[in-house]
Participant: 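Here it is, the structure in full.
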Amino acid sequence: MGYDFKNIEKKWQAHWAKNQTYKAENNSEKPKYYVLDMFPYPSGAGLHVGHPLGYIASDIYSRYKRHKGFNVLHPQGYDSFGLPAEQYAIQTGQHPAKTTQENINRYRQQLDQMGFSFDWSREVRTSEPNFYKWTQWIFLLLFDHYYCNTADQAKPIAQLIERFEQEGNQSVRAVCSTATPEFTAEEWKSFSSEKQQEILLHYRMAYLSETEVNWCADLGTVLANDEIINGVSERGGFPVTKKKMKQWSMRIGAYAERLLQGLDQIDWSESLKEIQRNWIGKSIGAKVFFQIEGHPKKIEVFTTRPDTIFGVTFMTLAPELDLVQEITPPANQEAVQAYIEETQKRTQRERMADVKNPTGVFTGAYALHPFTQERIPIWIGDYVLADYGTGAVMAVPCGDQRDYDFAKHFDLPIKNIFKNVSIEKEAFTDKGTAVIDHSDFLSGLPYKEAMKKVIDALEKQGCGEGTINYRLRDAIFSRQRYWGEPIPVYYKNKLPQPLALKHLPLNLPEVEKYLPTPEGAPPLGYAKNWAWDTQNEQVVDNSRIDHQTVFPLELNTMPGWAGSSWYFYRYMDAQNTEAFVGKSAVDYWQEVDLYLGGSEHATGHLLYSRFWQKFLYDLGLLPVEEYAKKLINQGMILGTSAFIYRKPGTQTYVSKDQVTDVSLWEPIRVDVNLVNSADELDVAAVRKWQPQFENANFEQTKGVFKVGREVEKMSKSKYNVVNPDEICEQYGADTLRMYEMFLGPIEQAKPWNTAGISGVHNFLKKYWRLFYNEEEWVVNNQEPSKQELKILHETIKKITQDIENFSFNTCVSALMICVNELTSLKTHSTSILSPLTLLLSPFAPHLASEIWSALGNESTLDYVDFPIANEAYLVEDTKTYPVSFNGKMRFTLELSLTLDNAAIQQAVLEDSRTAEYLEGKTPKKWIIVPNKIINIVI
RNA sequence: GCCGAAGUGGUGAAAUGGUAGACACGCUGGUCUUAGGAACCAGUACUUCACAGUGUGUGGGUUCGAGUCCCACCUUCGGUACCA
């Protein structure tokens, strides 16, 4: 009997579970270390080999840190609210809670078999009332706060009310969703309570407003910007249109600058930080106000190029702007209305596809140039976005390509205000070399100086100011779905009223259908018990709604990112019923030391969670402003799909080598598990796999049928999923863990290929044989040789360094080299093999534990100190130097390390081979790098 | 278009500016076996019988010495896109 991984792994998994080996303490003499994985959404498909990659890496690091004497928190949970369970419920009528529970059971089983050192006593599930109670509570806090620009932090709304009562809103610098008219203290007091509430709603961090939203009719819900890819929904790829709806939003825009600045404080990959920087999209420019001819209102535009203000030849407004209706003279109303309606019908994708053909219409109104008082025609066009800047642009066709295209298309004038630049073919957009011309007081100035001067002038005249704009939009928080956190508000006179903490959790009600109601309300519209009784402070039957004491509850639910924006704090104190996290727990753990997850969350979860963190930090509820000190993005493991090729219109399939022109054949995916590593298809198995192949004709070449290959995302629908259960069954979890690390650098995306796994499996068998020869235990107490000690300590040094650098693939190689060398030296000395076992422990914990116990240790190895490399064993007496002439390596020479440079020179000159390369010349220069190389320049 | 990352054998990949291809897969040959999807040994970048030469996307540069540093370009991948 050799390495019996099945029994070993079963044994140790049971041992760890029984002894709660990896339970972390909330106070300890040891230093703390918090390793977090992005928790999974428990999907019905189960885990494939790509999912555990990050968990394996974090588990290796966690285990290493335990060996290094840290109190390690390494929790796991489930992001269990979400669309797939709901879609499944719509199809089958099964309650999402039921399928979610089943999926979680399956996930847990799969996770357990891989030997992760999770502290399951802290498990969280976002769909559990005792968890979402606190998600709802955070929502209430957001509702109850506004963003004060003076203090640059969130403050209680009560303080804002106080200020309104004392001084009105003229001097209040706060972030506000729409331009609220100014009012005095007296006016504020004279407002009705409803009016006051309405105004306050414009200031709250969580606010309700009529907004243009991304509506996805097929999914029946709105989508956030990060849920749309290339103009279609991320989930399902359905078309997205713009629609006005009353929606909850989160004022993440208030934190734009702090979210940007915070990136400098954290150790995240530069590429990920750059993605967030781009998403936040800070741009520096100016606001300019243009008067409208014969109209009291002004048009406010944002521009990054106020220096080109003398090049303005028209203005363009977003068609959605209310102002458009106001300024359009009756003669143009019809055309303008028609255009507005047309743009609303177009999907985002259609708009994007038409970049080359700008659309728009003249409103008939004119604005006045702030410096020249020239009349500027006002157009509307859908190349101007309603929700960026002010939804209005001053069009400078000579300096902006879009304005240029628009002007060319509608035959509008183009005025060149750049010195010595031709704008015959395209706009001139280079700021670096621009010199302004034909621009009154700006003429002759380069970009930078013109910027300064024009902003001064604008501010002096009161028709503009320097300003900063961000691309980051406030995040829509309402979802017209069932399977999410209920938003804890009820409506009185159509105004939202928050519940209180003591009323939470507001449990998700039962519904008869998971679809929108016939009236178009979200699924919660089907709930029978979904009204709030303000007197008894409880949820009651809808039939009792009287709008006096019983009110309707909110029908929208929260988006997927709500629960995931704070879950990592819940792990610190998962059972707490008094607070989202206890004070002492958060004081102890502080923040996440290492966060592992995919970079696909860069503009979603990883931004929203930073936003909530900063908000809760402002309230003094959390101790740090950034929750994840270090973040590593594991690369995705891709699938290698297999294709067979069908003659169009027939049941004939040919082997890949007969396909010359792929376009003449229909590629059809087949299950990769029916193909061997030489790309040969098991034809008999395919016939059984799907009925369509049962009687098909497979044209083989020389008795084999080859498939075509393509690397793409691993997914059930592409039949390219490799299941970790089967790998564990065949090779064991330790082999799977090490092989996934061995595949390549952790941050890199790579296709899965099972073929190489035998190398890692052989390594573990080889390691086993250091201890057992057949049945016999061969470890002894012999004094290790100098050579053996050197091998061991070199390996310790390398492994320690590489783990610290998260270079786990080279760790595996180093262990392989070490075991190979010890095998050839026939080392069985316990003083070598015992530390080696500890080195193996983070990577192959089951096997290492088994050996550790076989070595006679009473306690398990999990908390035993990691070996430390002793430099004394690494010091060498001699060094084999490569000897180079003019940089070209010629031969090697073994020399004592005690020699000085002069002695080395002499030794080289004395070597018989040297003369051959010197060719009678004397060396011009010697370059001797100790321990590295000897180079002689002739 | 803009921003970012990366290009090394048949494959996955190693290389603090110092012998490129460690380690592993695959392949070839061998040992031992009734057998092997077992174990072990040897070989495996390219050209060449060999000697030797050429090789890290392309072209230049710095250096005694460059996969590594600098400049330009090409390709691939990721992000983003009427963002004014």
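Every value quoted in this text rests on a predicted model; they were computed, and no experiment measured them.
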Participant: Which residue, A:Lys750 or A:Lys879, contacts RNA chain B at a nucleotide closer to its 5' end, judged by nearest heavy atom?
Facilitator: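 In this pair, the answer is A:Lys750.
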
Participant: Listed by chain and number, what are the salt bridge (Lys or Arg N to Asp or Glu O under 4.0 Å) partners of A:Lys790, not counting sequence neighbours?
Facilitator: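 For A:Lys790, the residues satisfying salt bridge (Lys or Arg N to Asp or Glu O under 4.0 Å) (neighbours in sequence not counted) are A:Glu794.
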
Participant: Under 4.0 Å from any atom of RNA chain B, heavy atoms only: list the residues of residues 815-826 of chain A that qualify, in numerical order.
Facilitator: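 Contacts with RNA chain B under 4.0 Å: A:Met816, A:Ile817, A:Asn820.
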
Participant: Determine whether any donor atom in the side chain of A:Arg473 lies under 3.5 Å from an acceptor atom in the base of B:C83, or the reverse, and answer yes or no.
Facilitator: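 It does, because a donor-acceptor pair links the side chain of A:Arg473 to the base of B:C83 below 3.5 Å.
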
Participant: When you check the side-chain N and O atoms of A:Asp405 and A:Gln401, is any donor under 3.5 Å from an acceptor?
Facilitator: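 Result is yes, a qualifying pair exists.
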
Participant: May I ask you to list the residues of residues 600-607 of chain A, by number, that have any heavy atom positioned under 4.0 Å from an atom of RNA chain B?
Facilitator: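 Under 4.0 Å from RNA chain B: no residue of residues 600-607 of chain A.
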
Participant: Under 4.0 Å between a side-chain N/O of A:Tyr388 and OP1 or OP2 of B:A84, yes or no?
Facilitator: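 Answer is yes, contact under 4.0 Å.
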
Participant: Are the aromatic ring centres of A:His369 and A:Phe310 under 6.0 angstrom apart?
Facilitator: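 Centroid distance A:His369-A:Phe310: below 6.0 Å, so yes.
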
Participant: Indicate, with a heavy-atom threshold strictly under 4.0 Å, whether A:Thr316 touches base, sugar-phosphate, or nothing.
Facilitator: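 The answer is nothing, as A:Thr316 stays clear of every strand by at least 4.0 Å.
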
Participant: Which residues pass the salt bridge (Lys or Arg N to Asp or Glu O under 4.0 Å) test with A:Lys766, sequence neighbours left out?
Facilitator: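 For A:Lys766 there are no salt bridge (Lys or Arg N to Asp or Glu O under 4.0 Å) partners, ignoring immediate neighbours.
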
Participant: Looking at B:A81, I'd like to know if its phosphate oxygens (OP1 or OP2) sit under 4.0 Å from a side-chain N or O belonging to A:Arg471.
Facilitator: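 So the side chain of A:Arg471 is within the cut-off, an N or O lying under 4.0 Å from OP1 or OP2 of B:A81.
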
Participant: Quick check for you: among B:C82, B:U80, B:A14, whose closest atom lies nearest to any side-chain atom of A:Asn809?
Facilitator: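 Comparing B:C82, B:U80, B:A14 against the side chain of A:Asn809, the answer is B:A14.
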
Participant: Does A:Ser758 make a side-chain N or O approach to OP1 or OP2 of B:A24 shorter than 4.0 Å?
Facilitator: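 For B:A24, OP1/OP2 do not have a side-chain N/O of A:Ser758 under 4.0 Å.
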
Participant: Determine the contact category for A:Gln748: base if any of its heavy atoms lies under 4.0 Å from a base atom, sugar-phosphate if only primed atoms, P, OP1 or OP2 are that close, otherwise nothing.
Facilitator: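 It contacts sugar-phosphate atoms only.
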
Participant: Applying salt bridge (Lys or Arg N to Asp or Glu O under 4.0 Å), can you list everything that pairs with A:Lys798, at least two apart in sequence or on another chain?
Facilitator: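 Salt bridge (Lys or Arg N to Asp or Glu O under 4.0 Å) list for A:Lys798, sorted by chain: A:Asp802.
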
Participant: Tell me whether B:G9 sits syn or anti, counting syn as a glycosidic angle within 90° of 0.
Facilitator: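 Because its glycosidic torsion lies within 90° of 0, B:G9 adopts the syn conformation.
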
Participant: Within this structure, what is the CG-CD1 distance for the pair A:Leu263 and A:Ile280, rounded to the nearest 0.5 Å?
Facilitator: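 The CD1 atom of A:Ile280 is 5.5 Å from CG of A:Leu263, to the nearest 0.5 Å.
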
Participant: So which atom in A:Val722 and which in A:Met714 form the shortest heavy-atom distance, rounded to 0.1 Å?
Facilitator: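 Residues A:Val722 and A:Met714, closest heavy atoms: N-SD, 3.8 Å.
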
Participant: Is it the case that A:Tyr470 and A:Glu257 place a side-chain donor and acceptor less than 3.5 Å from each other?
Facilitator: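 There is such a pair between these side chains.
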
Participant: Which dot-bracket string describes RNA chain B (Watson-Crick N1-N3 plus N6-O4 or O6-N4, or G-U N1-O2 and O6-N3, all under 3.5 Å; [ ] crossing; | other strand)?
Facilitator: (((((((..(((.....[....)))((((((.......))))))(((....)))..(((((..]....))))))))))))....

Participant: If we only count heavy atoms from C-beta on, is the A:Thr878 to A:Leu895 side-chain gap below 4.5 Å?
Facilitator: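 Not touching, per the 4.5 Å side-chain cut-off.
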
Participant: So what does A:Trp279 hit on the nucleic acid, given a heavy-atom distance under 4.0 Å: a base, only sugar-phosphate, or nothing?
Facilitator: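 Answer is sugar-phosphate: A:Trp279 comes under 4.0 Å of backbone atoms only.
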
Participant: So what does A:Leu385 hit on the nucleic acid, given a heavy-atom distance under 4.0 Å: a base, only sugar-phosphate, or nothing?
Facilitator: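 Touches a base.
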
Participant: Are the side chains of A:Tyr339 and A:Pro319 in contact, using a 4.5 Å heavy-atom criterion?
Facilitator: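 A:Pro319 vs A:Tyr339: side chains touch.
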
Participant: Mark up nucleotides 42-47 of chain B, 5' to 3', with B wherever a protein heavy atom is under 4.0 angstrom from a base atom, S wherever such an atom reaches only the sugar-phosphate, and - elsewhere.
Facilitator: ------

Participant: Can you tell me, in whole Å, how much space there is between the P of B:A35 and that of B:C46?
Facilitator: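 The same atom, P, in both gives a distance of 33 Å.
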
Participant: How is A:Val760 classified with respect to the nucleic acid when contacts are heavy atoms under 4.0 Å: base, sugar-phosphate, or nothing?
Facilitator: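 No contact at all - A:Val760 keeps every heavy atom at 4.0 Å or more from the nucleic acid.
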
Participant: Please examine the side chains of A:Leu606 and A:Met38, heavy atoms only from C-beta on, and report whether any two atoms are closer than 4.5 Å.
Facilitator: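 A:Met38 reaches A:Leu606 side chain to side chain.
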
Participant: Check every atom of B:G18, B:G4, B:A84 against the side chain of A:Ser271 and return the nucleotide holding the closest atom.
Facilitator: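 Of the options given, the side chain of A:Ser271 lies nearest B:G4.
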
Participant: Roughly how many Å apart are B:U48 and B:A42, using the P atom of each and rounding to a whole number?
Facilitator: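 Those two atoms are separated by 27 Å.
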
Participant: With under 30° as parallel and over 60° as perpendicular, where do the rings of A:Phe314 and A:Phe406 fit, or are they tilted in between?
Facilitator: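 Rings of A:Phe314 and A:Phe406: parallel, as their planes differ by under 30°.
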
Participant: Across the strands shown, which category fits A:Pro745 at heavy-atom distances under 4.0 angstrom: base, sugar-phosphate, nothing?
Facilitator: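 Touches sugar-phosphate only.
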
Participant: Which atom pairs, one a donor and one an acceptor, fall under 3.5 Å between side chains of residues 757-764 of chain A and the rest of the protein, sequence neighbours left out?
Facilitator:
unit_1: A:His761; atom_1: ND1; unit_2: A:Tyr731; atom_2: O; d: 3.4
unit_1: A:His761; atom_1: ND1; unit_2: A:Thr735; atom_2: OG1; d: 2.9
unit_1: A:Asn762; atom_1: ND2; unit_2: A:Ser758; atom_2: O; d: 3.4

Participant: Check nucleotides 34-39 of chain B for protein N or O atoms closer than 3.5 Å to its own N or O atoms and list the pairs.
Facilitator:
unit_1: B:G37; atom_1: N2; unit_2: A:Gln730; atom_2: NE2; d: 3.0
unit_1: B:A39; atom_1: OP1; unit_2: A:Asn762; atom_2: OD1; d: 3.0
unit_1: B:A39; atom_1: O3'; unit_2: A:Arg769; atom_2: NH2; d: 3.3

Participant: Is the number of heavy atoms from other residues, nucleotides or ligands within 6.0 Å of NZ (A:Lys879) greater than 12?
Facilitator: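 Correct, the count exceeds 12.
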
Participant: Mind running side chain to side chain donor-acceptor pair (under 3.5 Å) on A:Ser813 and A:Thr810 for me, showing each step along the way?
Facilitator: CA-CA 5 Å; A:Ser813 295; A:Thr810 51; over 6 Å; no

Participant: Hey, could you give me each pair passing side-chain hydrogen bond (donor to acceptor under 3.5 Å, both in side chains) that has a residue in residues 381-399 of chain A? Not counting sequence neighbours.
Facilitator: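 Found A:Ser283-A:Tyr388, A:Thr316-A:Tyr383, A:Arg346-A:Asp382, A:Thr359-A:Asp382, A:Tyr383-A:Asp403, A:Asp387-A:Arg473.
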
Participant: Tell me whether A:Lys282 at atom NZ has more than 12 heavy atoms from other residues, nucleotides or ligands lying less than 6.0 Å away.
Facilitator: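 Enclosed.
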
Participant: Mind checking the C1' distance from B:G57 to B:A5? Whole angstroms is fine.
Facilitator: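 16 Å, rounded to whole Å.
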
Participant: Can you see whether A:Glu712 engages A:Ser641 through a side-chain donor-acceptor pair at a distance of less than 3.5 angstrom?
Facilitator: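 A:Ser641 and A:Glu712 do have a side-chain donor-acceptor pair below 3.5 Å.
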
Participant: Assuming nearest nucleotide by heavy-atom distance, tell me which of A:Met394 and A:Lys798 is located more 5' along RNA chain B.
Facilitator: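 This one resolves to A:Lys798.
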
Participant: Please give me every residue in residues 880-891 of chain A whose heavy atoms get under 4.0 Å of an atom in RNA chain B, ordered by residue number.
Facilitator: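 Contacting residues: A:Pro882, A:Asn886, A:Gly887, A:Met889.
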
Participant: Say we look at B:G43 and B:G10: how far apart would their C1' atoms be, to the nearest angstrom?
Facilitator: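 Nearest-Å result for B:G43 against B:G10 at atom C1': 16 Å.
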
Participant: Does a donor on one side chain and an acceptor on the other come within less than 3.5 Å for A:Asn820 and A:Thr823?
Facilitator: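 Judged by distance alone, the side chains do not pair up.
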
Participant: Given B:A84, B:G4, B:G18, identify the nucleotide with an atom nearest to the side chain of A:Glu274.
Facilitator: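 Among the listed nucleotides, the one closest to the side chain of A:Glu274 is B:G4.
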
Participant: Using the test side chain to side chain contact (heavy atoms under 4.5 Å, CB included), find all partners of A:Thr914 that sit at least two apart in sequence or belong to another chain.
Facilitator: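 By the side chain to side chain contact (heavy atoms under 4.5 Å, CB included) rule, A:Thr914 matches A:Phe885, A:Phe891, A:Val908, A:Leu909, A:Asp911, A:Leu918.
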
